[in-house]
Amino acid sequence: QVQLVESGGGSVQSGGSLRLSCAASAYTYSANCMGWFRQAPGKEREGVAAIDRDGSTTYADSVKGRFTISQDNTKNILYLQMNNLKPEDTAMYYCAAGSATPIATLIAVDYNFWGQGTQVTVSS
């Protein structure tokens, strides 16, 4: 049963932009927080950005000033606008929803619903 579906990944040159989308079911979208995580081959899963029900956001230091997380509450869609992309941003990006905490968090164990991921590749 799929409740989170990512889209918008692809290949882009360094400095380019992509916007990832995550379509959520009403149940998963009602979670306390939603976020984006990424994982590159051979590396640990990394929290990228998160947003809670009040709209408060949290970003990893590596993406601050370049990425923006937002949500469309009418269509139940979570977005990640990615600007000035760098090769080190190359990874599989996952959308996640959680109810363990009422505030935005980049801790993976706080999330209990995950999408299948969308690949982002940035070339130099």
Smallest separation among heavy atoms of Ser14 and Ser124, with atom names: CB-CA, 4.1 Å
In the single-linkage hydrophobic clustering (I, L, V, M, F, W, Y; side-chain heavy atoms under 4.5 Å), do Tyr94 and Val63 co-cluster? no
Where is the tightest heavy-atom contact between Ala40 and Ala91, given as atom of each residue plus distance? N-CB, 3.9 Å
Closest non-hydrogen contact found for Asp52 with Gln71 is O-OE1, 3.7 Å
Rounded to the nearest 0.5 Å, the CD1 atom of Ile51 sits from the SG atom of Cys33 at a distance of 10.5 Å
Could you state the interatomic distance from CD (Gln116) to OG1 (Thr118), rounded to the nearest 0.5 Å? 10.5 Å
Of all the heavy-atom pairs spanning Ile77 and Ser21, show the shortest one and how long it is. CG2-CB, 4.2 Å
Linked, directly or transitively: Met92 and Phe37 (ILVMFWY side chains, under 4.5 Å): yes
Just do the side chain to side chain contact (heavy atoms under 4.5 Å, CB included) check on Asn83 and Gln81 with the steps written out, would you? CA-CA 6 Å; Asn83 297 327; Gln81 179 66 47; 3.0 Å; yes
Taking every non-hydrogen atom, the tightest pair across Leu18 and Gly10: CD1-O, 4.0 Å
Would you sort out whether Arg66 and Asp89 count as a side chain to side chain contact (heavy atoms under 4.5 Å, CB included), showing the intermediate values? CA-CA 11 Å; Arg66 299 188 298 120; Asp89 294 319; 2.7 Å; yes
Separation of Lys64 NZ from Asp61 CG (nearest 0.5 Å): 4.5 Å
Please give me the minimum heavy-atom distance between Ala50 and Thr105, naming the atom from each residue. CB-O, 3.3 Å
As a quick check of understanding, evaluate side chain to side chain contact (heavy atoms under 4.5 Å, CB included) for Leu20 and Tyr79, giving each step before the final call. CA-CA 6 Å; Leu20 306 184; Tyr79 298 101; over 6 Å; no
One should read off an interatomic distance between Leu4 CG and Leu78 CG, to the nearest 0.5 angstrom, of 8.5 Å
Between Phe67 and Trp36, is the gap from one ring center to the other below 6.0 Å? no
Please identify which of these residues, Arg38, Glu6, Gln39, meets the side chain to side chain donor-acceptor pair (under 3.5 Å) condition with Tyr93. Arg38
